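On a predicted model such as this, the values are computed, not experimentally measured, just so you know.
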Amino acid sequence: MAANLKTNLNESQVKAVKHHKGPLLVLAGAGSGKTRIITERISHLISEHNVRPSNILAMTFTNKAANEMKQRVSNLAHDETKNVWIGTFHSTCLRILKRDINKLDGYNKDFIIYDDGDQIKLIKDCMGRLNIGDKLVSPKSARAQIDGAKNKGLGPDSPELREYDKHVQSIYSLYEKELRKSNALDFGDLLHVTVKLFEKKPEVLENYQNQFHYLLVDEYQDTNHVQYKIVEMLSRKHRNIFVVGDDNQSIYGWRGADIKNILNFEKDFSDAKIIKLEQNYRSTKNILEAANKLITHNKNRHKKNLYTENDQGDLINYYEASDDKNEAKHLSSKIFNEIKKGDYSYKDIAIFFRTNTQSRLLEEELLRKSIPYKMVGSTEFYKRKEIKDILAFLKIIVNPSDEISLKRIINVPPRGIGNVTINNLDEIAKEREVSFYEAIQIALKEKFLSNSVLMKIERLNNLLTELIEFPEKDDIVSLINHVLHKTKYLDMLEKEEERKENIGEILNLAVEFQKEREETTLNDFLDSVTLASDLDKYSENSDQVTLMTLHSAKGLEFPIVFIVGMEENLLPHFNSTMNGQVEEERRLFYVGITRAKEKVYLAGAARRMVFGKQQASIPSRFISELPQELIRLETPHFEENNQARSARKYPTKTISKPATSYQNTGRYKVGQKVVHSAFGEGLIKRVEGSGDDAKVTVFFPSVGDKKIIASYLEN
DNA sequence: CCCAAGGGATTGACA
DNA sequence: ATCCCTTGGG
Ligand SMILES: Nc1ncnc2c1ncn2[C@@H]1O[C@H](COP(=O)(O)OP(=O)(O)OP(=O)(O)O)[C@@H](O)[C@H]1O
């Protein structure tokens with residue numbers, strides 16, 4: 001079977017698949033078969049070179065792509081493929097750490113993973129303790145800088161850190177200490193600590209070097225420094241490092257991805273071979289031509305040929321709706337038409353958007369029209385309060401030192417413990433240098449605090465003990481039921497049916513999780529939940545429309561692709577229009593278009609709800625960068641009450657300035673460039689009032705956001 | 001010392 | 001529209 005498929009590969013593809021030893025880079029455009037080569041090569045190594053599956057490690061970025069790769073490999077090759085290590089960088093590192101982190105001082109393999117929400121909470125805690133107000137450093141910015149440091153392999157004590165803001169330095173220090181105390185790792189740690197482990201314990205590294213004779217990395221253009229480091233270290237011994245990528249599809253700059261990794265591959269791995277692929281097998285001529293034209297607008301780019309022998313295909317459809325609701329309506333009616341014609345089913349259709357919030361309206365519309373859909377790659381579900389609460393209880397059961405989780409549920413359901421008590425307990429913890437959980441025990445034993453407070457704490461402590469001592473913790477379903485029962489959580493929800501359904505959903509997930517594996521541990525369940533690695537698996541083969549962000553769309557393909565929100569300040573996103581990040585936005589759009597095999601529908605809205613307010617918007621500059629003769633512009637049949645639309649044209653190249661009319665408040669508009677004598681050039685984010693007295697919030701690259709009286713601005 | 005209500009800020013993407 | 005934090009009443 002595998003041989004059969006291989007005959008379909010073109011010459012260069014065969015060369016790549018048959019490549020046996022030494023470093024190799026496949027640098028090629030969208031849809032040229034890079035991912036296919038990875039899977040074929042894995043199968044080839046196993047069947048032709050008798051490589052043991054467990055000697056192969058393949059890594060990608062998103063869960064969806066990793067699951068897809070697993071699927072494709074197991075379709076190609078024999079039963080053993082289960083033992084090939086295929087996963088995201090994060091899940092691979094997690095697996096390594098679960099095995100070996102104990103060898104590193106100060107770490108323990110029962111650690112739990114903090115997601116971004118937990119991270120922010122902890123950072124706020126630390127800032128409170130350090131008396132750093134959130135006007136000095138915003139918690140989000142602190143997090144971004146800490147993540148950035150970890151991505152570069154810098155710990156809180158690294159000398160390079162002196163470059164950082166001194167507040168951020170001290171936050172990082174304390175944050176790190178608190179993570180250790182809670183026996184928790186954040187996402188960045190999964191990678192960063194793995195490198196640390198490899199550096200400090202060469203014997204561990206050697207172990208894995210011996211295991212992984214062959215390394216394959218998909219989407220290599222999006223590796224950041226730590227990820228590069230991991231790849232480089234693991235491949236040092238056998239040097240069989242096989243990476244594929246496309247610099248035009250680099251979309252993770254904000255996560256520290258460094259395009260130089262792929263461009264310097266030849267330098268980093270001496271005697272590396274490079275193979276280029278130029279034929280696209282995925283898309284129609286029109287789609288490919290549109291994408292090719294679009295990407296020429298990026299200055300920073302390596303020229304690539306990409307052609308296809310596929311049919312000419314349809315034009316690119318573009319629809320300008322009067323507002324976001326009508327955009328959604330348009331989309332559902334197009335979906336309806338495509339299905340009605342009978343050539344496609346729901347699973348052939350995908351809808352992409354730039355920001356997660358856009359999905360809500362789309363979902364409502366699809367629900368209304370009874371179009372089956374699934375959200376992919378969204379962690380929204382796990383961010384819900386009721387879910388986080390239940391998970392917090394579970395995390396405490398695994399790991400009572402988990403301070404963030406404990407503080408989360410300390411008064412859930414309400415038991416009369418508030419901030420003051422929490423602060424008092426914090427004090428005890430600090431003085432005795434113990435965990436927050438132990439501070440509770442101490443307070444009880446030594447009768448600190450007032451009697452009424454002690455009684456409440458005691459009740460909490462008894463509850464926790466009952467949970468922790470539950471005999472069958474690894475039977476996750478019973479454990480969750482036990483938690484629900486003991487905490488009376490559902491009573492608290494009363495009539496909140498949606499929340500109750502969500503609790504039912506987490507129980508379902510636990511059931512599925514257990515059904516799928518012979519042995520389960522609570523901790524594995526929690527990890528899988530935090531990494532969201534299982535989230536999309538269960539609905540994989542059902543006939544549903546797929547909804548996802550442009551970022552999660554990378555590496556996938558669909559016969560029909562919808563991209564919505566084609567507006568300035570949304571795509572390209574507002575925050576990107578400052579510092580040369582527009583090219584990354586363009587690549588993001590490029591990724592979106594090139595997912596399509598046969599049809600592309602683009603849509604945008606003239607008005608859209610932002611922050612609960614209607615805002616006007618103009619079409620994305622990217623629309624005007626497509627070959628206009630390939631666009632079929634569709635306008636609304638029946639016009640609603642919209643003055644905005646009639647006056648609008650989509651921009652041509654002569655209107656190349658960034659969008660200005662986002663929100664109209666006299667002289668100053670959101671999105672407008674302004675100059676301040678002290679802070680330099682900036683971009684207006686918000687306007688309150690009008691005229692020279694208006695207060696405007698301006699983002700300056702030099703100092704961040706500032707609120708300023710408008711008359712102090714020159715424009 | 002807790003809690004509900006109200007005001008202000010906020011929403012970029014992934015693991 | 002929603003989250004989060006502050007505030008004043010209980
Ligand atoms: N030689 C070939 N003949 C026919 N179809 C092919 C050939 N090679 C690849 N394909 C098909 O082309 C499509 C794109 O392949 P694949 O997903 O591997 O591309 P890719 O280079 O990884 O794309 P991207 O970088 O855009 O994610 C797939 O449907 C694949 O099966």
Assert: residue with more 5' nearest nucleotide on DNA chain B, out of A/S450 and A/E584, is A/S450

A/P414, nearest nucleotide to its side chain (from B/dC2, B/dG12, B/dC3):
B/dC3

Heavy atoms from C-beta onward define the side chain here; which of B/dC1, B/dC14, B/dA15 lies closest to that of A/N424?
B/dC1

Could you tell me how far apart A/M127 (CE) and C/dC5 (P) are, to the nearest whole angstrom?
11 Å

Sugar-phosphate only, base, or nothing, as touched by A/S552 at under 4.0 Å among non-hydrogen atoms:
sugar-phosphate

Per atom distances to the A/Y252 side chain, the nearest of B/dC2, B/dC14, B/dC3 is B/dC14

OP1 or OP2 of B/dA13 under 4.0 Å from side-chain N/O of A/N575:
no

NA contact type, A/S452, heavy-atom cut-off 4.0 Å: base, sugar-phosphate, or nothing?
nothing

Just checking A/K554: base, sugar-phosphate only, or nothing, at a heavy-atom cut-off of under 4.0 Å?
nothing

Between A/H551 and A/W254 (judged by ring centroids, cut-off 6.0 Å), do the two rings come close enough to count as a pair?
yes

Both A/T530 and A/H573 contact DNA chain B. Which one's nearest nucleotide lies toward the 5' end?
A/H573

Contact class for A/Q227 vs. all strands (heavy atom < 4.0 Å): base, sugar-phosphate, or nothing?
nothing

Looking across every strand, which nucleic acid part, if any, lies under 4.0 Å from A/N419 by heavy atom: base, sugar-phosphate, or nothing?
sugar-phosphate

Let me know the distance between CD1 of A/I112 and C1' of B/dA15, rounded to the nearest Å.
16 Å

For A/K121 and for A/G612, locate the closest nucleotide of DNA chain C by heavy-atom distance; then report the residue assigned to the nucleotide nearer the 5' terminus.
A/G612

State whether a side-chain donor-acceptor pair under 3.5 Å links A/K383 with A/T379.
yes

P gap between B/dA13 and C/dC4, integer Å
15 Å

How long is the line joining CG of A/D116 and P of B/dT10, in whole Å?
17 Å

Whole-Å distance, A/E219 CD to B/dA15 C1', equals 15 Å

Is the aromatic ring of A/H551 within stacking range of B/dA13, meaning centres under 5.5 angstrom and planes under 30 degrees?
no

Can a side chain N or O of A/S91 be found less than 4.0 Å away from OP1 or OP2 on B/dA15?
no

Sugar-phosphate only, base, or nothing, as touched by A/R360 at under 4.0 Å among non-hydrogen atoms
sugar-phosphate

Using a 6.0 Å distance limit plus a 45 degree cone around the ring axis, check whether A/K554 lies over the aromatic ring of A/F61.
yes

Nearest heavy-atom contact between A/L362 and A/A328 is CD2-CB, 4.0 Å

Taking 4.0 Å as the cut-off, does a side-chain nitrogen or oxygen of A/T355 come that near to OP1 or OP2 on B/dG12?
no

Check for me whether A/R586 meets the cation-pi criterion with A/F589, that is, NZ or CZ under 6.0 Å from the six-membered ring centre and within 45 degrees of the ring axis.
no

From the candidates B/dA15, B/dG12, B/dA13, the one with an atom nearest any side-chain atom of A/T549 is B/dA13

Of the listed nucleotides B/dA13, B/dC3, B/dA15, the one nearest the side chain of A/L531
B/dA15

A/K124 side chain N/O closer than 4.0 Å to the phosphate oxygens (OP1, OP2) of C/dC5?
yes

Considering only heavy atoms and no angle criterion, is a donor-acceptor pair shorter than 3.5 Å present between the side chain of A/Q358 and the base of B/dG12?
no

What nucleic acid atoms does A/L190 come within less than 4.0 Å of, heavy atoms only: base, sugar-phosphate, or nothing?
nothing

Sugar-phosphate, base or nothing in reach of A/K140, heavy atoms under 4.0 Å
sugar-phosphate

May I ask you to establish whether A/K229 and A/F198 are in a cation-pi arrangement, using a distance under 6.0 Å from NZ or CZ to the six-membered ring centre and at most 45° from the ring axis?
no

Give a yes/no on whether any side-chain N or O of A/R415 is located under 4.0 angstrom from OP1 or OP2 of B/dC2.
no

Separation of B/dA13 P from A/F353 CZ (nearest whole Å)
9 Å

Please give, in whole Å, the distance from B/dA13 P to A/R255 CZ?
13 Å

Within a reach of under 6.0 Å around CE of A/M455, are more than 12 heavy atoms found that belong to other residues, nucleotides or ligands?
no

When every non-hydrogen atom of A/N261 is compared with those of A/Y220, the smallest separation belongs to O-CE2, 3.3 Å

B/dT10 P sits how many Å from A/K383 NZ, rounded?
18 Å

Picking from B/dC14, B/dC1, B/dG12, which would you name as closest to the side chain of A/Q581?
B/dG12

Categorize A/F89 for me: base, sugar-phosphate, or nothing, with a 4.0 angstrom heavy-atom threshold over every strand shown.
nothing

By centroid distance (under 5.5 Å) and plane angle (under 30°), are A/W254 and B/dG12 in a stacked arrangement?
no

Tell me what A/T357 touches on the nucleic acid: a base, only sugar-phosphate, or nothing, going by heavy atoms under 4.0 Å.
base

Could you tell me the separation between the CG atom of A/L526 and the P atom of B/dA15, rounded to a whole number of Å?
18 Å

